[in-house]
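To start, the structure under review is shown below, and the notes come after it.
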Protein chains: 4
Amino acid sequence: MSVDRDQVLRAAATLLTRKATASMDEIAKAAGISRATLHRHFAGRDALIRALEELGLARFGAALDAADIEQGDVPQALRRLVAHTRDEAPLLAFLTTENQLFEGEVNAGWDRLDARLTGLFQRGQERGEVRVDLTAAWCAEALYGLLGAGAWAVHNGRIAPNDMERMVAELLLGGVRRSMEQ
Amino acid sequence: MSVDRDQVLRAAATLLTRKATASMDEIAKAAGISRATLHRHFAGRDALIRALEELGLARFGAALDAADIEQGDVPQALRRLVAHTRDEAPLLAFLTTENQLFEGEVNAGWDRLDARLTGLFQRGQERGEVRVDLTAAWCAEALYGLLGAGAWAVHNGRIAPNDMERMVAELLLGGVRRSMEQ
Amino acid sequence: MSVDRDQVLRAAATLLTRKATASMDEIAKAAGISRATLHRHFAGRDALIRALEELGLARFGAALDAADIEQGDVPQALRRLVAHTRDEAPLLAFLTTENQLFEGEVNAGWDRLDARLTGLFQRGQERGEVRVDLTAAWCAEALYGLLGAGAWAVHNGRIAPNDMERMVAELLLGGVRRSMEQ
Amino acid sequence: MSVDRDQVLRAAATLLTRKATASMDEIAKAAGISRATLHRHFAGRDALIRALEELGLARFGAALDAADIEQGDVPQALRRLVAHTRDEAPLLAFLTTENQLFEGEVNAGWDRLDARLTGLFQRGQERGEVRVDLTAAWCAEALYGLLGAGAWAVHNGRIAPNDMERMVAELLLGGVRRSMEQ
DNA sequence: TATGAATGAGTCTTCATTCAT
DNA sequence: AATGAATGAAGACTCATTCAT
């Protein structure tokens, strides 16, 4: 709830995405707090991971809402989505990297959001804006991959933070757009 | 019964890409051998990771060579590269996921290969085949991300194994190609 | 509950002198702490052995100092030395039993102390108090052996704790003393 | 029974006395045979230790017999005993160092031999040849200690192999003898 | 809230032992 | 008889977690 808590989770997501075996000690240090405090925020490592997933899901859902992806032009919707996703990249990267947990509610929640995104690409295909020789499911998966790549590229300085949003959006849109040449 | 070293590494790569926190026990089981035998092949967990990196590097280098990326049409070169990369996807995915080690020689080796790939995109930009509003470095990073996403999508059944190569190549090419519309 | 580092080392020395193959678990139990705590005190088994050697060396040096062995009558000096050594018997026994490590500084430290003790017997020979048909080096070695035997004899109840000091000193002095009969 | 077997045991005794944690591999190497062969000679590590104890006991018993310690002058008997013990020093050193096993028969066997040696010193005390202010048990224990010290001193070159017997005997005899001065 | 001690649980690593060559 | 592969069992080591300060 508190602002602190979210900051801790951001730090944890960033670290864990890079180094999944990081110890609670390292996570605490990365978040600038002590082990004991980390333990007071989260009952244990499992609870921390759970919270990370839940926050990631919540943020992703919020981004989908804010981008209002069910409305209008699909390419524009994708641009809005990437724009709203930008600050949540570390969290999403963790979500798509942590390819193992996802149980019960979390899994259901993820499926719901993933279905919304897949639906966006399907709508694009129906509207003739998205190529039909790529499945919508793959387009969604590709978006996750590109967001992760973008976050990582920013992290290690290969692209400027301000460029990330455009780079991801442009490559994705170019890749999925139905063009005259095809 | 003797399981080849490379087979063990494949199994380890596949598992670790999905579950970076997998224990030596799980890795051994995934490779169909006992923990002790795993330890006979690799001195310890660190040595295993190192071997994984080295094999991944070697395979990636071999793919770049086999695709002969320095020659001819860049889009065709990319298609050949993705084709030759296909079977090494789990290994490469591990390489780009394991964002933490990479020291000394391994790091230098990676830089060399990455420079070759980045060079390919640069050549495409000079030849007018690749858009110039995306940096070559980002294009390379995007390829890694899409390969990982493809491997993962195949793994969890979202796309057919036989489609993976085409899906990755098409999306990437469409995304980076300089088109008339732009 | 906090058990002092030195107490742990005492317990370890006592146990290891008797049972050199004792596991860390047994050592921890003997010291009244858990294995994990033992590991917090000493980085590993090697570090424990090292610490044991260092403490033994320090105690032996302190005993030599306290006994003021460079002064006066040699037989009296030996008696004082045995007296001051008494409480450190397990530690010294370990030092002379653990005939395998002794590297670098530890080895140098031991040589220095051993030289002091050997020097004491040499002085005795020069003063006519110690027989010259036994080498000083052997006399020193014999002292180590007798101290270990004494510690062991006390441990298994063959001699009374209060008698140990006298038994060792008397036998040693009788053995090395230049007598009228010889 | 075979000569080989005894040679292996000698090598093992020498090594284990110095380094009780030596692995079967190291023992095999020290004996100049392969692991497999070592395993063919002895069912396992425990069996090896048992064999070591039994051989040591047998040799010690043989030495007591050969020295005919129940007869005549006690100091002379001790000299004969040390002389006969000389070549078995490593074995005896192992026996007195391995202060932990000794179960069942082995223990009983040891007690019997130890009693014989203790009896020798008692006889000396009765005959007025051995001081009575040292217990016979301690004298026996001291002999073990001095034999071990002697073997070790020879091993690391502090005393000449040919001097060992005399050094041990002289120091011991001087130490236990009832002298005019006392 | 931070720090340090302490430990149970679980992972990593080694070793004795067996078997096939 | 020796060597190398393979593994169960056992020991070494680490970490998440708790508690006291």
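Throughout, a chain's letter reflects where its sequence line sits, starting with A, and its residues are numbered from 1. Everything numeric in this text was worked out from a predicted model, so none of it was measured.
- Atom pair C:H41:NE2 and F:dC13:C1' shows a separation of 16 Å (rounding to whole Å applied).
- A straight line from CZ of B:R5 to P of F:dA5 spans 13 Å, rounded to a whole angstrom.
- Following rounding to the nearest Å, C:I27 (CD1) and F:dA12 (C1') show an atom-to-atom distance of 11 Å.
- Distance, C:I33 CD1 to E:dA5 P: 12 Å, rounded to whole Å.
- Annotation: side chain of B:D4 is not in contact with side chain of B:L9 (no heavy-atom distance under 4.5 Å).
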>> Walk me through whether D:L95 and D:E88 qualify under side-chain contact (heavy atoms from CB on, under 4.5 Å).
In response: CA-CA 11 Å; D:L95 221 49; D:E88 314 299 344; over 6 Å; no

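- What separates CZ of B:F42 from C1' of F:dA5 is a distance of 15 Å, to the nearest Å.
- To the nearest angstrom, P of F:dC13 lies 10 Å from CG of C:L38.
- To the nearest 0.5 angstrom, B:F94 atom CZ is 4.0 Å from B:I49 atom CD1.
- In a base pair of the Watson-Crick type (N1 to N3 plus N6-O4 or O6-N4) or a G-U wobble (N1-O2 and O6-N3), with each distance short of 3.5 Å, F:dT14 is matched with E:dA9.
- One finds a side-chain N or O of D:S34 lying less than 4.0 angstrom from the OP1 or OP2 phosphate oxygen of F:dA2.
- With a cut-off of 3.5 Å on both Watson-Crick or G-U wobble distances, the partner of E:dT18 is given as F:dA5.
- Rounded to the nearest 0.5 Å, atoms CZ (D:R59) and CG (D:L113) are 13.5 Å apart.
- Among all heavy-atom pairs drawn from A:L16 and A:R45, the shortest one is CD2-NH2, 4.0 Å.
- The interatomic distance linking C:E26 (CD) with F:dG11 (C1') rounds to 10 Å, in whole Å.
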>> Does the protein touch nucleotides 12-21 of chain E at the base, only the backbone, or not at all? Give it as B, S and - per nucleotide, heavy atoms under 4.0 Å.
In response: BBBBSBB---

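- The aromatic rings of D:F60 and D:Y144 stand perpendicular to each other, their planes meeting at an angle above 60°, with 30° marking the opposite boundary.
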